[in-house]
Amino acid sequence: MAERLLTTARAIAEAIAQEMERDERVFIMGEDIGAYGGIFGATQGLLEKFGPERVMDTPISEMGFIGAAVGAATEGMRPIAELMFVDFFGVAMDQIFNHMAKIHYMSGGNVNVPMVLMTAIGGGYSDAAQHSQCLYSLFAHTPGIKVVVPSTPYDAKGLMIQAIRDDDPVMYFFHKGIMGLGWMAPNPRATGPVPEEPYTIPFGQADVKREGSDLTILTLSLMVHRSLDAAEQLAEEGISAEVIDLRTLVPLDRATIIESVKKTHRVLIVDEDYKSFGMSGELIAIIAEEALDYLDAPPKRLAVPDVPIPYSRPLEQAVIPSVEGIVQAARELMAE
Amino acid sequence: MIMIPAAGGTMQPAVGLIANPASGKDIRRLIAHGSVFDNNEKANIIRRVLQALDAFGVKQVLAMPDLYGLVLRALEDTQVGLRVEFVNISVTNTAADSRLAAAVMAQAGVRCIVTVGGDGTNRVVAQGCGDVPLVPISTGTNNVFPSLVESTLAGMAAAAVACDVEPVWDRAVRQARRLEIVRGNTLVETALVDVVVYDERFVATRAIWDADKMRALFLTAPYRGTIGASAIAAYLPQAEEVARDAAGLYVELGPGGTHVMAPIAPGLIVPVSVRVVHPLELEQTIPVTYAPSILALDGEREVPVPPGTSVGVRLSSHGPYVVDVQAALQAAVKAGFFIRKP
Amino acid sequence: MALSRETLLGLYEMMVKIRTFEERVAEIYYEGKQPVFNIAAGPVPGEMHLYSGQEAVAAGVCAHLRPDDPVTSTHRPHGHLIAKGVDLKRMMAEIFGKETGLCHGKGGHMHLFDPELHFGCGGIVGGGIPHAVGAALAIKKRGEDRVAVSFFGEGAANIGAFHESLNLAALWKLPAVFIVEDNLYAISVPKTASTAVRSNAERGAAYGIPAVQVDGQDVVAVYEAAGEAVERARRGEGPTLIEAVCYRFRGHFEGDPEHYLPEGTKEQWKQRDPIALLAKQLKDQGWLTDEDAQAIEERMTALIAEAEAFARESAYPPPEAALTDVFVQAESPREEQSHG
């Protein structure tokens, strides 16, 4: 039987629908998630299936409804809130950082906040500085938030179901470029096989998306797709790149990272988030702590060079890692 | 404190202004459907009053200060030539402020006092104002005493009174009655509209809304078309008859009487059982022996009657002087008060 | 709403309990901080915001609540939690930072959580208001007759969370009661310098929420208004906003110099001490004697002494406990895994 293919957006919506069917405590709220189906399609069909009581369009009121999700979660519901663009986190930062993330700890483990805060990330389509950021590192930096960043339809569904079932607050970041939206640049990897039945993917398990022996590329989200494209080109040049999709930053699968570095002795980090004080630096620190002696070359990283995301196409393309950039960085790393 | 030259000199007409920042916010918004009078609207009302006073020759306004600065706010956005000063009282943000301010204004020689509030506000002002007439503008919950009047017009009437326009005092100023609460021979409180004996012990949220707890009702006049406790008599045919020859009314309430559907608070229309309606003569004192209870004055619980005690309720003709705004305007028209040479 | 003797004596006792607790905590707080004040010293370190003077609000509101009614509170939470019926021992132990505390020493006086009482609070002004909205949303979704109550100060009524919460609660017609404790000051800034409306009760109208202002020094008034609001919420008629005007008898926090207060105003407010006010009303009704009052005070003092002893005798959490409770599930439950 042919595998069923879904876009990432459909896979996420299906995961949510299946959990809502399974568990009546699950509900979802956010801006334009009802009749519109989510600006990036992650809630398509949910309103029709579950009605406005469980699929709630909210006012533009992120502090209010993300805070309400926290309150509902502490009362035993399992809310999903959608923050339309991660860039909008600022207006709700207190609820995310000081409440959602900390209540479990401050209560000495007595109060749980089982909620999912899902949000769209990423640039590449000229939406400029306030609608194109990734920012997962910012949230991974704060204790108490699990950070999930899928790259494929299959992972998106399994990780979403896992996120909803998890008893902790989970931030779930989907890149606009992996959703399979008709109005974004075509991305064949945004559609893929997804089993119909519900399944989970445990957090803290990175996925080796392509095995290789010469260097390790550590990445996530849309950059997995670009790294895989780059790896194909590199293979033609005789360079065997291993592409590891981290999938979750918190918890982080250190074992898979270290194991791969010990095998390839070279590491390239590809990150669409800002370069300094973020994911790429953290990964290099971990490798330095645990596998420094295995490295044949200094680690390399590609990330947004500490500038806001610019609007104009050539400017934006200059700061977001590209397939060509990854290939070039890999060549340089191999030359060291 | 402001000094105003004594009467008989070249005195500038001065008007008092007492705006209650607390009116229109009590529990009747919750248990009934009382309208909300926010203070920005009250400031607006004050602006209209000031414009009218200014336009018709009033040179000085003596106002009550309050913590929020209602009058100050009104002044911020108003261009008026008249001088506004505040009476020098220490603000407690209680009803005592209004009472004291009225007394100070009366002593200072204002010609009338414009009040912005409801029945409760005017009750307290009346206790301090002596024989200075009031121009009441309603922003309360039950507004029986103050008239629902556009505040610009109230200001124009106040100006006419303050400027001693000839027929205005005769035609438009009348002395109201009041109900006096007495313990022995001591006058302890007064009310302008009604007194209710309420089967409760505590002031609490002040308002009264449980008709089953109303034991008796005293009225300064046989009101028609009113809201609040006075409505119990206002919509009762036999009250109309008794009232024909009476100064006021004393109504016994309780099980076994005629049920009248009365709006005892805005939007709260309930059956009230009326047993007997008595005429109430001037200077007649009715003892209240129902104790423990609490007396609600003009709609607000005020005077507890602890167990084993009693009080008297007396109808008196010594209420405040009140300006009938429409009558004052008519009289002022006749006097040509509003005419200016081009 | 029966204002019975039993009810009012209960309110009186609760207010005395809160006051006694707070005044005792103040004494303990200064242990080790004299003659030189060092905020980190003594058995109770850190900031300390006490509730003395505002007892009528917590007592009057919480008297209508059941243990399962969610309450969100503030950085000044003791009164609310005591009125909700907390185990004083575990509360005091938390304030001492002990292992036996409500939060095993991880929260402290500003971050008290008691899941059995559905109680939470926090140090961010206005932060708890949306949580009450969410709790009320959960209640409504389940069709329960519980009610969520949020206490916060008049300072919090100027933060966006307040306005967003009121809008959501009204929009979704939630069983929520918002209590603004207007104690006139946000730390040192008076309400007149911070708030464009005189009363936050006026702000209810902007959201179509019935709003009332009550005398927050008069527990009977608070009790009566809160009773109507809570019953309204339980009946499914939507949210209510109550502004209770009250006063901080001990300033914003312990050590507050209070030089910003106009001279004499605090003394003026103390004339209307909510406990003394109720005592007088009860005595006028013949419901309380001086002996009764003294007995209540002694009973409360003993109760709090017991809590204090428990807190002092309890052990501190081991340092390594600092690393736990970040997550419920530090590892993922692999047994649920079916793919991947």
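The chains referred to below are lettered A, B, ... by the order of the sequence lines, with proteins before strands, and numbering in each begins at 1.
If you measure heavy-atom distances from Ala161(C) to chain A, the contacts under 4.5 Å come from both the backbone and the side chain. Using a 4.5 Å cut-off between heavy atoms, Asn98(A) contacts chain C through its side chain alone, with no backbone atom that close. Looking at Asn167(C), only its side chain comes within 4.5 Å of chain A, counting heavy atoms on both sides. Only the side chain of Val250(A) has a heavy atom closer than 4.5 Å to any heavy atom of chain C. With a 4.5 Å cut-off on non-hydrogen atoms, Leu171(C) touches chain A through its side chain but not through its backbone. For Ile145(A), the part lying near chain C is the backbone, with the side chain staying farther off; criterion is any non-hydrogen pair under 4.5 Å. Only the backbone of Thr324(C) comes within contact range of chain A, with at least one heavy atom under 4.5 Å from a heavy atom of that chain. Heavy atoms closer than 4.5 Å to chain A are found in both the backbone and the side chain of Ala322(C).
Atoms CD1 and CG, from Ile103(A) and Asp325(C) in turn, are 14.0 Å apart once rounded to the nearest 0.5 Å. The distance from atom CE of Met63(A) to atom CD of Glu164(C), rounded to the nearest 0.5 Å, is 4.5 Å. Summarising the geometry, atom SG belonging to Cys103(C) is positioned 11.5 Å from atom NE2 belonging to His104(A); distances are rounded to the nearest 0.5 Å. The structure places CG of Leu137(C) at 7.0 Å from CE of Met77(A), a figure rounded to the nearest 0.5 Å. Note that CG of Leu168(C) and OG of Ser61(A) are 4.5 Å apart. Values are rounded to the nearest 0.5 Å. Within the model, atoms CG of Asn110(A) and NE2 of His104(C) stand 4.5 Å from one another, a figure rounded to the nearest 0.5 Å.
For Arg10(A), the side chain to side chain contact (heavy atoms under 4.5 Å, CB included) test picks out Leu6(A), Thr7(A), Gln44(A), with sequence neighbours left out.
Checked by atom type and distance alone, the side chain of Asp168(A) pairs as donor or acceptor with a backbone atom of Val328(C) at under 3.5 Å. Side chain of Tyr105(A) to main chain of Gly107(C): no donor-acceptor pair is present (N/O by atom type, distance under 3.5 Å, no hydrogens or angles).
The candidate with the highest count of non-hydrogen atom pairs below 4.5 Å against chain C, out of Lys102(A), Glu62(A), Met56(A), is Met56(A). Ranking Pro115(C), Ala148(C), Gly105(C) against chain A, the residue ahead of the rest is Pro115(C), based on heavy-atom pairs under 4.5 Å. Your options are His118(C), His163(C), Glu116(C), Glu94(C), and the one with the most heavy-atom pairs under 4.5 Å with chain A is His118(C). Counting heavy-atom pairs under 4.5 Å between each of Pro70(C), Gly123(C), Pro130(C) and chain A puts Pro130(C) at the top.
At most 12 heavy atoms of other shown residues, nucleotides or ligands fall within 6.0 angstrom of atom CD1 in Ile60(A). The 12-atom threshold is not exceeded at CD of Glu211(A), counting heavy atoms of other residues, nucleotides or ligands nearer than 6.0 Å. Within 6.0 Å of atom CD in Gln130(A), 12 or fewer heavy atoms from other residues, nucleotides or ligands are found, so the atom counts as exposed in its surroundings. Other residues, nucleotides and ligands place more than 12 heavy atoms under 6.0 Å from the CD atom of Glu320(C). The environment of CD in Glu99(C) is crowded: more than 12 heavy-atom neighbours from other residues, nucleotides or ligands sit within 6.0 Å.
Contacts between residues 65-75 of chain A and chain C, counted as heavy-atom pairs separated by less than 4.5 Å, involve Phe65(A), Gly67(A), Ala68(A), Val70(A), Gly71(A), Ala72(A), Glu75(A).
Nearest heavy-atom pair, Asp94(A) versus Gly127(C), reported as atom, atom and distance to 0.1 Å: OD2-CA, 4.0 Å.
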For the pair Phe327(C) and Asp166(A), evaluate side-chain contact (heavy atoms from CB on, under 4.5 Å) and give the outcome as yes or no after the intermediate values.
CA-CA 10 Å; Phe327(C) 292 114; Asp166(A) 198 283; over 6 Å; no
Are Trp172(C) and Met29(A) close enough, and set up right, to give a side-chain contact (heavy atoms from CB on, under 4.5 Å), and what steps lead you there?
CA-CA 12 Å; Trp172(C) 295 334; Met29(A) 55 182 169; 4.1 Å; yes
Could you give me the CA-CA distance, side-chain angles and deciding distance for Glu24(A) and Lys141(C), then say whether side-chain contact (heavy atoms from CB on, under 4.5 Å) is met?
CA-CA 10 Å; Glu24(A) 62 180 19; Lys141(C) 283 183 181 299; over 6 Å; no
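Under the 4.5 Å side-chain criterion, counting only non-hydrogen atoms from C-beta, His131(C) is in contact with Gln95(A).
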